[in-house]
Amino acid sequence: MCGIAGIMAHGPVNQMLFDSLTVLQHRGQDAAGIMTCDQGRFFLRKSNGLVRDVFRTRHMKRLSGNMGIGHVRYPTAGSSSEAESQPFYVNSPYGVALAHNGNLTNSESLTEELFRTDLRHINTNSDSEVLLNIFANELGKLGMSLSAEDVFAAISRVYQRCEGGYVAVAMISGYGMVGFRDPNGIRPIVYGKRETPAGREYMIASESVALDVAGFELVRDLQPGEAIYIDHQGELHSQICAPEPRLTPCIFEHVYLARPDSIMDGINIYHARMQMGQKLAEKIKRVMPEHDIDVVIPIPDTSRTSALELAQHLGVTYREGFIKNRYIGRTFIMPGQTLRKKSVRQKLNAISMEFKDKTVLLVDDSIVRGTTCNEIIQMARDAGAKKVYFASAAPAVRYPNVYGIDMPAAHELIAHGRTEDEVGELIGADWLVYQDIDDLVAACKELNPKVDGFDCSVFDGHYVTGGIDAAYLARLENQRSDAAKNGNNTDDNSAIDLHNDSSAEEA
Ligand SMILES: O=P(O)(O)OC[C@H]1O[C@H](OP(=O)(O)OP(=O)(O)O)[C@H](O)[C@@H]1O
Ligand SMILES: NC(=O)CC[C@H](N)C(=O)O
Ligand SMILES: [Mg+2]
């Protein structure tokens with residue numbers, strides 16, 4: 001779940017892209033990049049680190065041009081090397097750059113096809129480089145002087161060849177900007193517009209909050225299988241380029257990934273999380289009518305919205321018993337278990353008076369590896385809690401994700417192969433309650449009944465694209481489990497960096 005943004009304007013786009021990436025930071029903390037296009041030339045700055053650290057004034061000055069794309073990365077393929085940060089660039093045809101969120105599940109066979117049939121070289125293990133090359137290759141078959149129809153024909157071929165969950169924003173030098181969304185609509189992407197004295201400007205982004213900060217008005221989400229193309233005259237063209245598109249967005253966006261102030265596929269994320277809290281409160285009333293909960297305490301940040309609503313519906317006091325260190329980011333998307341575990345302790349600290357001699361109900365949005373709840377329950381006990389109950393606003397996460405969330409190994413998920421009671425015991429809770437999957441789906445779908453369904457694969461093991469078999473999952477685990485990553489030592493910059501930014505060495 002990286003964050004992507006693209007702007008086609010009548011003035012410089014560098015600052016607006018920087019601002020947008022800072023509000024998409026929660027989607028990827030490992031690397032950031034911006035590529036702009038100025039009179040047919042691309043300018044790039046990308047590096048490992050947070051947005052605020054990657055871009056210095058000297059980089060910003062060089063990112064000139066009225067068209068540009070940006071990316072924040074949370075790796076799900078390849079390594080975390082700087083060379084695999086995005087945007088990516090290819091010089092043929094025209095000069096094409098691309099930023100991608102998601103994961104191609106047939107990336108290996110596509111790499112082989114690109115090499116043998118399309119005569120294209122892939123230099124990294126990133127599926128995003130594969131996606132870019134497939135797109136560029138299909139564009140290249142259409143000859144010079146590209147029309148909107150040509151762009152859509154190329155995207156149709158991308159949809160035929162690429163499997164998985166993916167959204168992307170791309171620039172074609174001399175022509176314009178493209179945004180597209182996979183035929184199942186798994187990952188999110190929206191576009192917006194704004195009127196200026198010089199004419200209309202367009203922006204494409206992972207989440208509507210990015211439009212808000214850059215001053216664009218949300219028009220709508222891209223539909224599954226849709227592509228939009230803004231040509232260099234500023235005209236927007238759109239087309240559905242897949243034969244049987246279905247809107248089945250990733251429900252984990254609603255649970256955790258997205259910012260609460262985003263609107264995704266017509267669903268207000270904040271409202272969806274409130275509904276999750278209400279439905280979980282109803283379940284608690286059903287299964288434990290005579291409960292003895294003294295206080296409901298959220299685990300900041302993401303669970304706050306659902307926990308407050310849960311407390312109100314339960315009629316129990318809500319208190320902020322954990323204070324979050326504002327300088328520590330999201331722990332779940334940090335690379336490596338040691339860092340994640342250490343960061344939970346650095347991030348959250350208990351206020352003893354809220355726990356002392358009380359029966360507390362801790363609420364989190366989800367339990368994935370169990371890193372957070374393990375630490376937090378101990379902290380609650382250390383702070384003097386009489387009993388510690390734990391509620392998860394999402395059902396038990398039991399299956400790997402293959403569409404752009406780095407949860408590649410079933411055995412790393414605390415609920416995999418375990419009953420809810422077993423998980424409760426393992427995390428040291430006096431009682432554990434999970435949201436029911438039907439309630440989670442209802443919490444979101446009630447806000448937009450037009451959604452065909454959701455990708456709930458991490459909860460039910462059903463992969464909406466099909467084609468995910470045990471062999472694929474075994475390969476994925478082999479490449480990307482924590483143990484495999486440690487073995488490969490992928491945190492170093494072992495891949496050869498290819499930059500057209502001479503400031504890369506000074507940074
Ligand atoms: O069971 P785990 O593997 O620990 O994963 C789940 C936890 O990770 C996330 O928090 P995170 O710190 O990433 O971000 P937040 O501040 O947005 O809650 C999520 O909100 C849960 O608290
Ligand atoms: N989380 C994502 O969307 C990752 C995008 C891409 N697969 C990468 O690893 O860079
Ligand atoms: Mg959290």
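One-based numbering, in listed order, for ligands and for the atoms of each. Computed from a predicted model, the values in this text were never measured in an experiment.
- Under the ring pair (Phe, Tyr, Trp, His ring centres under 6.0 Å) criterion, the residue pairs touching residues 405-431 are Tyr389-Trp431, with sequence neighbours excluded.
- The side chain of Lys347, and not its backbone, has at least one atom closer than 4.0 Å to an atom of ligand 1 (non-hydrogen atoms only; side chain from C-beta on).
- Counting protein heavy atoms only, atom 1 (N) of ligand 2 is closest to Met1 N, 2.5 Å.
- Counting atoms of ligand 1 from 1 in the listed order, those under 4.0 Å from a heavy atom of Ile367 are 1 (O).
- Among the atoms of Cys373, none of the N or O lies under 3.5 angstrom from an N or O of ligand 1.
- Taking distance alone, with nitrogen or oxygen atoms compared against 3.5 Å, Ala77 approaches ligand 2 more closely than that limit.
- Looking only at heavy atoms of the protein, atom 9 (O) of ligand 2 is closest to Thr76 N, 2.9 Å.
- Heavy atoms from both the backbone and the side chain of Asp301 come within less than 4.0 Å of ligand 1.
- Side-chain contact between Thr465 and Tyr403 is present, with heavy atoms from C-beta onward closer than 4.5 Å.
- When only interatomic distances are considered, the shortest N/O to N/O separation between Tyr74 and ligand 2 falls below 3.5 Å.
- For atom 8 (O) of ligand 1, the closest non-hydrogen atom on the protein side is Phe332 CB, 3.3 Å.
- Heavy-atom contacts of Thr371 reach the following atoms of ligand 1: 1 (O), 2 (P), 3 (O), 4 (O) (cutoff under 4.0 Å).
- Among the atoms of Val368, some N or O lies under 3.5 angstrom from an N or O of ligand 1.
- At a 3.5 angstrom cut-off on N or O pairs, Asn101 counts as close to ligand 2.
- Under the 4.5 Å side-chain criterion, counting only non-hydrogen atoms from C-beta, Leu348 is in contact with Pro300.
- Side-chain contact between Tyr434 and Ile367: present, with at least one pair of heavy atoms (C-beta onward) separated by less than 4.5 Å.
- Geometric assessment of Arg330 against the ring of Tyr256 yields a positive cation-pi assignment under the 6.0 Å and 45° thresholds.
- Closest to atom 17 (O) of ligand 1 among all protein heavy atoms lies Thr302 OG1, 2.5 Å.
- Each of the following atoms of ligand 1 lies closer than 4.0 Å to a heavy atom of Asp364: 20 (O), 21 (C), 22 (O).
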For this session: List the steps, then state whether salt bridge (Lys or Arg N to Asp or Glu O under 4.0 Å) holds for Arg273 with Glu309.
Result: CA-CA 9 Å; Arg273 288 185 189 158; Glu309 200 65 12; over 6 Å; no

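- For atom 4 (C) of ligand 2, the nearest protein heavy atom (residue, atom name, distance) is Cys2 SG, 3.0 Å.
- Between Phe390 and Ile299 there is a side-chain heavy-atom pair separated by less than 4.5 Å.
- In terms of N/O distances under 3.5 Å, ligand 2 is approached by Asp127.
- Looking at Arg181 and Leu247, their side chains come closer than 4.5 Å, going by heavy atoms from C-beta outward.
- For atom 3 (O) of ligand 1, the nearest non-hydrogen atom of the protein is Arg369 N, 2.8 Å.
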Problem set entry | salt bridge (Lys or Arg N to Asp or Glu O under 4.0 Å) between Asp406 and Arg480, worked out | CA-CA 8 Å; Asp406 199 31; Arg480 295 205 56 83; 3.0 Å; yes

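- Counting heavy atoms from C-beta on, the side chains of Phe332 and Arg369 come closer than 4.5 Å.
- Heavy-atom separations between Arg27 and ligand 2 are all 4.0 Å or longer.
- Around atom 4 (O) of ligand 1, the closest heavy atom drawn from Thr372, Asp365, Val344 belongs to Thr372.
- Close approach of ligand 1 to Thr331 (heavy-atom distance below 4.0 Å) involves ligand atoms 11 (P), 12 (O), 13 (O).
- For the pair Leu50 and Gln29, the minimum side-chain heavy-atom distance is below 4.5 Å.
- In the vicinity of Pro75, heavy-atom distances shorter than 4.0 Å reach the ligand 2 atoms 9 (O).
- Annotation: atom 10 (O) of ligand 1 to nearest protein heavy atom, Tyr256 CE1, 3.8 Å.
- The aromatic rings of Phe18 and Phe55 sit perpendicular to each other, their planes meeting at more than 60°, with 30° as the lower class boundary.
- Using cut-offs of 30° and 60° on the angle between ring planes, the pair Tyr166 and Tyr159 is tilted.
- Per-residue contacts place Gly370 under 4.0 angstrom from the following atoms of ligand 1 (heavy atoms of the residue considered): 1 (O), 2 (P), 3 (O).
- Between Met177 and Val169, the closest side-chain pair of non-hydrogen atoms falls below 4.5 Å.
- The protein non-hydrogen atom at the shortest distance from atom 6 (C) of ligand 1 is Ser366 O, 3.5 Å.
- For ligand 2, the atoms lying closer than 4.0 Å to a non-hydrogen atom of Gln86 are 6 (C), 8 (C), 10 (O).
- Taking any N or O of Arg73, backbone or side chain, at least one lies under 3.5 Å from an N or O belonging to ligand 2.
- Using a 4.0 Å cut-off between a side-chain N of Lys or Arg and a carboxylate O of Asp or Glu, Lys283 and Asp439 do not qualify as a salt bridge.
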